[in-house]
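Shown next, in structure tokens, is the structure this report addresses.
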Amino acid sequence: MKFDDFFDSPLGIAEYDAPIDAIDTLELDCALLSLGERPVILCIGSDRVTGDCLGPIVGQMLIERNANAFVYGNLTRPVTALNLKESIVGIKKRHADKKILAVDSSVGKLCDVGKIRVAFGSIAPGSADGKKLPKVGDVSVTATVTDLSKTPLSAVRLGIVYSLARKVTDRIMRGLQ
């Protein structure tokens, strides 16, 4: 790779950097308000697969910024396919009266890479890999990190995931205040 390729590369992070309005501000604010005071934020993903680490990075950032929420899933203790069921049971025991915001990376079409979506309702983690995991969340936030036909989750650039995680975290923090 030549030096100039870092600035003009068609795969550079600038193309995938989510625009400032990538998350509909009003929609996310309404979604966060619907969760009530001090919600549970379940950040799903593996720190061992770059394209799947959006959730743990968001969880880490929320904890470091002292989010006014119960945060599960970070870089030290990720919530993955291996412990998701157990985590949901524990959350429901400890926070039976709380609603859950689920955060996870997603796959989609190449034109969707970099898009962040908010939805009222649960998500099905691992469905892109054909995993049958429990659906979770009263509200969900997902960020599309790759088109699997172009790039496998293990080869997604960390800069793309980190940029999206920062935007998701900033919006959640703003909504929690």
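On a predicted model such as this, the values are computed, not experimentally measured, just so you know. Basis for what follows: all heavy atoms, side chains included, without hydrogens, waters or symmetry-related copies. Start at 1 with the first residue, then count along the sequence.
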What are the two closest heavy atoms between [X] and [Y], and how far apart are they?
X: Ile116; Y: Ala143; result: CG1-CB, 4.0 Å
X: Asn74; Y: Gly59; result: CB-C, 4.0 Å
X: Asp47; Y: Pro56; result: N-CG, 4.3 Å
X: Cys53; Y: Leu158; result: SG-CD1, 4.1 Å
X: Ala67; Y: Met173; result: CB-SD, 3.6 Å
X: Cys43; Y: Val71; result: SG-CG1, 4.4 Å

request  = Would you please test Arg65 and Asp170 for side chain to side chain contact (heavy atoms under 4.5 Å, CB included) and show each step?
outcome  = CA-CA 10 Å; Arg65 292 174 64 176; Asp170 289 347; 2.5 Å; yes
Any donor-acceptor pair under 3.5 Å from [X] side chain to [Y] backbone:
X: Asp52; Y: Ser46; answer: yes
X: Lys98; Y: Glu37; answer: yes
X: Asp104; Y: Ala124; answer: no

What I'd like to find out is whether the side chain of [X] reaches to under 4.5 Å of the side chain of [Y], using heavy atoms alone.
X: Leu153; Y: Val145; result: yes
X: Val103; Y: Ile172; result: yes
X: Leu84; Y: Pro134; result: yes
X: Ile41; Y: Leu176; result: yes
X: Lys99; Y: Pro39; result: no

Give the cluster check for [X] versus [Y]: same hydrophobic cluster or not, with ILVMFWY residues linked at side-chain heavy-atom distances below 4.5 Å.
X: Met61; Y: Val118; value: yes
X: Leu35; Y: Ile63; value: yes
X: Val136; Y: Val79; value: yes
X: Leu75; Y: Tyr162; value: yes
X: Leu42; Y: Leu54; value: no

Residue of the set Thr142, Ile123, Leu133, Thr80 for which side-chain contact (heavy atoms from CB on, under 4.5 Å) holds with Ile44 =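 The side-chain contact (heavy atoms from CB on, under 4.5 Å) with Ile44 is passed solely by Ile123 among Thr142, Ile123, Leu133, Thr80.
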request  = Run through Val161, Leu110, Val156 and flag the one making a side-chain contact (heavy atoms from CB on, under 4.5 Å) with Thr146.
outcome  =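 That would be Val156.
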task = With side chain to side chain contact (heavy atoms under 4.5 Å, CB included) as the test, would you mind laying out the steps for Arg157 and Thr50 before giving the verdict?
result = CA-CA 7 Å; Arg157 294 187 54 224; Thr50 311; over 6 Å; no
Residues Arg38 and Asp97 bridged, charged N to O under 4.0 Å =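 No, this pair does not count.
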query = Hey, is Lys115 close enough to Asp112 for a salt bridge, meaning N to O under 4.0 Å?
reply =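 Yes.
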task = Just do the side chain to side chain contact (heavy atoms under 4.5 Å, CB included) check on Gln60 and Thr169 with the steps written out, would you?
result = CA-CA 9 Å; Gln60 189 71 38; Thr169 302; over 6 Å; no
key: Reported OG-to-CG distance for the pair Ser106 and Leu164, which is rounded to 0.5 angstrom   =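 Taking OG in Ser106 and CG in Leu164, the distance rounds to 9.5 Å.
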request  = Go through the steps to decide whether Arg166 and Ile57 satisfy the test side chain to side chain contact (heavy atoms under 4.5 Å, CB included), and finish with yes or no.
outcome  = CA-CA 8 Å; Arg166 191 178 63 243; Ile57 293 172; over 6 Å; no
query = What ring-ring contact (aromatic ring centres under 6.0 Å, His included) pairs are there with at least one residue in residues 42-68, not counting sequence neighbours?
reply =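 Residue pairs passing ring-ring contact (aromatic ring centres under 6.0 Å, His included), neighbours aside: none found.
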key: Residue pairs involving residues 90-132 (criterion ring-ring contact (aromatic ring centres under 6.0 Å, His included); sequence neighbours excluded)   =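 Passing the test, one end in residues 90-132: Phe70-His95, Tyr72-His95.
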